[in-house]
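Accompanying notes for the structure given below.
Bear in mind that the values here come from a model prediction, so they are computed numbers and not experimental data. Note: hydrogens, waters and symmetry copies are ignored here, and every other heavy atom, side chains too, is used. In this chain, residues are counted from 1 in sequence order.
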Amino acid sequence: MSEVKRRDLLAGAAAFAGFATVGLLPGTAAAATRQRPGAALPPSLSTADKAVVARVDARRALRHLKVLSDEIGWRIAGTESEHRAARYIAGQLRDLGYKVELQPFPVADKYLADIRAKGEEPWQCSASPQAAVAAAEGEVVDLGPVTAVTGDVAGKLVLFSRVAGKETDQAKAAAAAGAKAVLIANVRSTSFPERKAASFTPLLGETIAIPVLGLAEYHGERIRAGARRLSFKVTHHTGLTSYNVLAERKATLPNPEGKAVIISAHYDSVPGSPGANDDGSGTVLCLELARVLKRLPTQQAIRICLWGSEEYGLIGARHYVRQLDEAGVRRITGCFQNDMVATSHPPAGTYWLLSVDGADNTTTAAVGAAAERLGYVGQTKGPVARGSSDHEAFFERGIAAGNFSWRGGEAPSQLEPIYHTPEDTIAKNISLQRLQVSLELIGCAAYDVARRK
């Protein structure tokens, strides 16, 4: 018997053993054949697809999201909140039997403020590096979108609406008038007026002797709605290290070239945002697919990679890719990057297949084919050219990579209105149905690639 025939027989036997377990799960036959959530057409699934579809469960993924978004909350690169998330993710993957590594890399200092208002959940925002690192408490005086201070603000916290490019003037005027601190509430951009403004870092042209905070639009709204007395503390986080969480399950079938498929997401968030959709949703998709794929037969290794510090410039993914030698690059057959895969924003009804150059590659083609088999005809779009997520790092090294995401409108830049804001929560921005669809699309596509020699 030739080695090729022998390998095919072994592959078939292992596949049968893996797929046979589906029949042991109650209700899985019906789950794998009924019309998929929101699909336009009935499915036409392969045996391998059925093995994935019968197992994936958005409700299981949601349990992880409650920990990451509701319990840990904002996960800022290099800080203890991001480290808590990394430890949780690593523990879950180890419990599933994956070999797990925490890959460290340095990241820049952060200036963050934790804010408390009576009757409100704690807030977080960025603070200016050019202003005082201190605590303050007091009554808030709202001056609106001005750069001069009139009236008595001595000993008070002055709230401005941001005047772009004039933040230094606003801070200087408040400090000169004896204010304890400056709070600058961000305002919407003219480019994306439908999108609420996130927390920002006030970059000042000179040193200011009192704290200067960059609030999200939402926090400005909350203050003006009645939270008129605040206390806060600015912390300068120094000597920071962020981590990539890297997990691998070896191929179950002969894999002489050491090939591997990557399923990935970033687990950090921006200041002030609990990051339920961006990118808690992609993170928990990876954890759920790690569970589903852990015992299914594959010709290639499965790597689950969660990137740190994406929000500050794709730092974690670029660090990972830089560590690869050319042989390591060749072993990766595709990177399925999942970023914002569960928004409940009503217009975000298009599932985008995004590649940096807009060309089809192994990952986008596999997801497109999976969408056809699952019945999502006309509901996906792409490949379309777009970077702005961790797939860029892989593209830069010539590795097939795509970014997969629910977004609205006719362009992938049209994000939900609460993108990067304190309102990116499970309650306000997560659709279990869209998360389920994302799980099935990526699960079927990545498993299809992992079964190839």
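- Here NE2 of His64 is found 11.0 Å from SG of Cys286. Values are rounded to the nearest 0.5 Å.
- A salt bridge does not link Glu311 with Arg75: every distance from a Lys NZ or Arg NE/NH1/NH2 to an Asp or Glu carboxylate oxygen is 4.0 Å or more.
- In summary, Arg318 and Glu396 engage in a salt bridge, as defined by a charged side-chain N under 4.0 Å from a carboxylate O.
- Two residues are said to be in side-chain contact when any heavy atoms from C-beta on lie closer than 4.5 Å; Ser126 and Ser199 meet this criterion.
- Here Tyr243 pairs with His83 under the ring-ring contact (aromatic ring centres under 6.0 Å, His included) rule; sequence neighbours left out.
- Nearest heavy atoms, Ala401 versus Thr363: C-OG1, 3.3 Å.
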Evaluate the criterion ring-ring contact (aromatic ring centres under 6.0 Å, His included) for residue pair Trp307 and Tyr320; output intermediate values, then yes/no.
CA-CA 9 Å; Trp307 315 118; Tyr320 173 81; 5.1 Å; yes
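- One side chain, Arg249 or Thr298, offers a donor N or O that lies under 3.5 Å from an acceptor on the other.
- Considering only heavy atoms from C-beta on, Arg452 stays 4.5 Å or farther from Thr333 through its side chain.
- Among all heavy-atom pairs drawn from Asn186 and Ala198, the shortest one is ND2-O, 2.7 Å.
- Nearest heavy-atom pair across Phe192 and Ser413 is CE2-O, 3.9 Å.
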Under the side chain to side chain contact (heavy atoms under 4.5 Å, CB included) criterion, do Leu293 and Ile263 qualify, and how do the steps go?
CA-CA 11 Å; Leu293 297 173; Ile263 303 172; 3.7 Å; yes
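- At a threshold of 4.5 Å between non-hydrogen side-chain atoms, the residues Val284 and Leu62 do not count as touching.
- Partners of Trp74 under the ring-ring contact (aromatic ring centres under 6.0 Å, His included) rule, at least two apart in sequence or in another chain, do not exist in this structure.
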If you apply the rule side chain to side chain contact (heavy atoms under 4.5 Å, CB included), what do you find for Asn244 with Leu102, and how did you get there?
CA-CA 6 Å; Asn244 292 326; Leu102 289 174; over 6 Å; no
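- Summarising the geometry of Asp268 relative to Glu82, their closest heavy-atom pair is CB-OE2, 3.5 Å, with the distance given to 0.1 Å.
- Counting heavy atoms from C-beta outward, Phe105 and Ile315 have side chains that approach closer than 4.5 Å.
- Put simply, the side chain of Gln337 does not reach to within 4.5 Å of the side chain of Ile262, judged on heavy atoms.
- Using a 4.5 Å heavy-atom threshold, the side chains of Asn361 and Thr364 count as touching.
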Intermediate values then yes/no, side chain to side chain contact (heavy atoms under 4.5 Å, CB included), Ile115 and Leu215:
CA-CA 10 Å; Ile115 307 173; Leu215 301 181; 3.7 Å; yes
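- Put simply, the side chain of His420 reaches to within 4.5 Å of the side chain of Asp278, judged on heavy atoms.
- Between Asp390 and Asp339, every side-chain heavy-atom pair lies at or beyond the 4.5 Å cut-off.
- Checked by atom type, the side-chain pair His345/Asn429 shows no donor-acceptor distance below 3.5 Å.
- Classification of Glu221 and Arg224 as a salt-bridged pair fails, no side-chain N sitting under 4.0 Å from a carboxylate O.
- The two atoms that bring Lys180 and Glu137 nearest to each other are NZ-O, 2.7 Å, heavy atoms only.
- Taking a cutoff of 4.0 Å between a charged side-chain nitrogen and a carboxylate oxygen, Lys428 and Asp424 do not qualify as a salt bridge.
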Could you go step by step and tell me if Ile184 and Phe200 meet the side chain to side chain contact (heavy atoms under 4.5 Å, CB included) rule?
CA-CA 9 Å; Ile184 304 178; Phe200 73 104; 3.7 Å; yes
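- Ring planes of His219 and Trp123: parallel class, angle under 30° (limits at 30 and 60°).
- Between the OG1 atom of Thr362 and the CD1 atom of Ile399 there is a distance of 11.5 Å, given to the nearest 0.5 Å.
- Contact check on Arg397 versus Glu326 returns a salt bridge, with a Lys/Arg side-chain nitrogen under 4.0 Å from an Asp/Glu carboxylate oxygen.
- Glu194 contributes atom CD, which lies 11.0 Å from atom CD of Glu416 (distance to the nearest 0.5 angstrom).
- At most 12 heavy atoms of other shown residues, nucleotides or ligands fall within 6.0 angstrom of atom NZ in Lys66.
- The line from CG of Leu435 to CG of Leu65 is 8.0 Å long, rounded to the nearest 0.5 Å.
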Please assess Glu440 against Arg373 for the test salt bridge (charged side-chain N to carboxylate O under 4.0 Å, His left out), listing each intermediate value before the final yes or no.
CA-CA 11 Å; Glu440 294 184 7; Arg373 299 193 303 274; over 6 Å; no
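- A donor-acceptor pair shorter than 3.5 Å cannot be found between the side chains of Gln433 and Ser431.
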Assess whether ring-ring contact (aromatic ring centres under 6.0 Å, His included) is satisfied between Tyr419 and Trp406, documenting all intermediate values.
CA-CA 12 Å; Tyr419 165 72; Trp406 287 103; over 10 Å; no
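- No salt bridge links Arg229 with Glu139; every basic N to acidic carboxylate O contact stays at or beyond 4.0 Å.
- Look at Glu120 and Arg222 and you find a salt bridge, because one of the NZ, NE, NH1 or NH2 atoms lies within 4.0 Å of a carboxylate O, short of that distance.
- Between the side chains of Ser189 and Ser191, not a single donor N or O lies within less than 3.5 Å of an accepting N or O.
- In this structure, the separation between CZ on Arg55 and CG on Leu296 is 4.5 Å, given to the nearest 0.5 Å.
- Taking the centre of each ring, Trp352 and Phe404 stay at or above the 6.0 Å mark.
- Considering only residues two or more places apart in sequence or on other chains, Pro129 meets the side-chain contact (heavy atoms from CB on, under 4.5 Å) condition with Tyr111, Thr201, Leu203.
- To the nearest 0.5 Å, the span separating OG on Ser438 from CE on Met340 amounts to 11.5 Å.
- Here the closest heavy-atom approach between residue Arg116 and residue Pro122 is recorded as NH1-CG, 3.3 Å.
- Annotation: cation-pi pair Lys166/Phe160 absent, no NZ/CZ under 6.0 Å from the ring centroid and within 45° of its normal.
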